[in-house]
Amino acid sequence: MRDIARHALWVAPVAILALGVWQGIGGALGVALALVVVLANFLITGALLGWAARISPAMIMAVALGGFLVWLIVIFGMGLLVEQIDAVNLDVFVVSVLVLHLGLLFWEMRSISFSLASPGLKPRKS
């Protein structure tokens, strides 16, 4: 999950600057808040799944499904909170959460090996 956070650090300045120019300070704040929410989601979920993997496969399933439900509620609550804050553009926040989740996951998929000979991360070229 730290790889996703590293990728997000590449995306963050570009996204904040682009949305700041296009939508003003509200757009920049919306995408910055979305980045915080998405990164917190990935990092906390990764840590919890790592913890669950040491216990049992059933615990992995319980943590994954429970974590998904909790994060849906958290993101919905953040949306309700952002709606009350006039300084943050709600539309930019919602679209940024969606695009950042999917974009960072697809970017990370390039690093995953789907071969049974080398499961997990692809071997790096030396």
Side-chain angles (χ1 to χ4, degrees):
M1 287 298 151
R2 282 177 260 149
D3 288 337
I4 288 180
R6 201 171 331 128
H7 292 157
L9 290 177
W10 284 89
V11 171
V14 174
I16 292 171
L17 183 66
L19 271 295
V21 168
W22 183 41
Q23 292 288 322
I25 192 74
L29 289 173
V31 76
L33 188 59
L35 274 162
V36 170
V37 169
V38 169
L39 284 179
N41 178 9
F42 285 141
L43 293 174
I44 293 170
T45 301
L48 288 174
L49 287 173
W51 167 78
R54 290 188 294 274
I55 295 174
S56 72
M59 183 61 80
I60 294 174
M61 183 184 71
V63 167
L65 293 175
F68 178 72
L69 180 63
V70 167
W71 276 107
L72 282 178
I73 293 168
V74 167
I75 290 173
F76 180 73
M78 286 296 296
L80 291 176
L81 181 67
V82 167
E83 186 178 30
Q84 303 302 316
I85 302 171
D86 291 333
V88 180
N89 189 330
L90 177 65
D91 296 335
V92 170
F93 172 76
V94 170
V95 171
S96 295
V97 166
L98 177 68
V99 169
L100 287 168
H101 262 105
L102 294 177
L104 289 170
L105 285 174
F106 278 109
W107 192 355
E108 188 66 17
M109 278 178 39
R110 293 182 21 209
S111 303
I112 297 174
S113 173
F114 291 111
S115 167
L116 291 177
S118 177
L121 295 178
K122 286 183 183 174
R124 296 188 185 225
K125 296 175 183 161
S126 54

Sequence-distant partners of Leu104, side-chain contact (heavy atoms from CB on, under 4.5 Å), two or more places apart:
Ile4, His7, Ala8, Val38, Phe42, Trp107

Under a 4.5 Å side-chain heavy-atom rule over Ile, Leu, Val, Met, Phe, Trp and Tyr, are Val11 and Val99 clustered together?
no

Rounded to the nearest 0.5 Å, how far does CG of Leu105 lie from CG of Leu100?
10.5 Å

Here the gap from Ile73 atom CD1 to Met78 atom CE, rounded to the nearest 0.5 Å, amounts to 15.0 Å

Hydrophobic cluster membership, Leu35 vs Ile85, 4.5 Å side-chain cutoff:
yes

Output, in order, the C-alpha distance, side-chain angles, deciding distance and verdict of side chain to side chain contact (heavy atoms under 4.5 Å, CB included) for Val92 and Trp22.
CA-CA 10 Å; Val92 170; Trp22 183 41; 5.6 Å; no

Do Leu81 and Ile75 sit in the same hydrophobic cluster, where Ile, Leu, Val, Met, Phe, Trp and Tyr count as joined when their side-chain heavy atoms come under 4.5 Å apart?
yes

If you link I, L, V, M, F, W and Y whenever their side-chain heavy atoms are under 4.5 Å apart, who else ends up in the same group as Leu65?
Met61

If I take atom CD1 from residue Ile25 and atom CD1 from residue Ile16, how far apart are they, to the nearest 0.5 angstrom?
10.0 Å

When clusters are formed from ILVMFWY side-chain contacts under 4.5 Å, directly or step by step, what else is grouped with Leu72?
Phe68

Could you tell me the separation between the CG atom of Leu90 and the CG atom of Leu33, rounded to the nearest 0.5 Å?
10.5 Å

I'd like to know whether Met59 forms a side chain to side chain contact (heavy atoms under 4.5 Å, CB included) with Trp51, so could you lay out the CA-CA distance, the side-chain angles of the two residues, the decisive distance to 0.1 Å, and finally the verdict.
CA-CA 9 Å; Met59 183 61 80; Trp51 167 78; 4.2 Å; yes

Do Val31 and Gln23 have side chains that get closer than 4.5 Å, going by heavy atoms?
no

Please answer: with hydrophobic residues joined when any side-chain heavy atoms are less than 4.5 Å apart, are Val97 and Val95 in the same cluster?
no

Closest approach of Gly20 to Ala28 (non-hydrogen atoms, all atoms of both residues)
CA-CB, 3.8 Å

Distance col, row Leu49:CG vs Ile60:CD1, nearest 0.5 angstrom, shows 7.0 Å

If two hydrophobic side chains count as joined below 4.5 Å and joins carry through other members, does Leu9 share a cluster with Leu102?
no

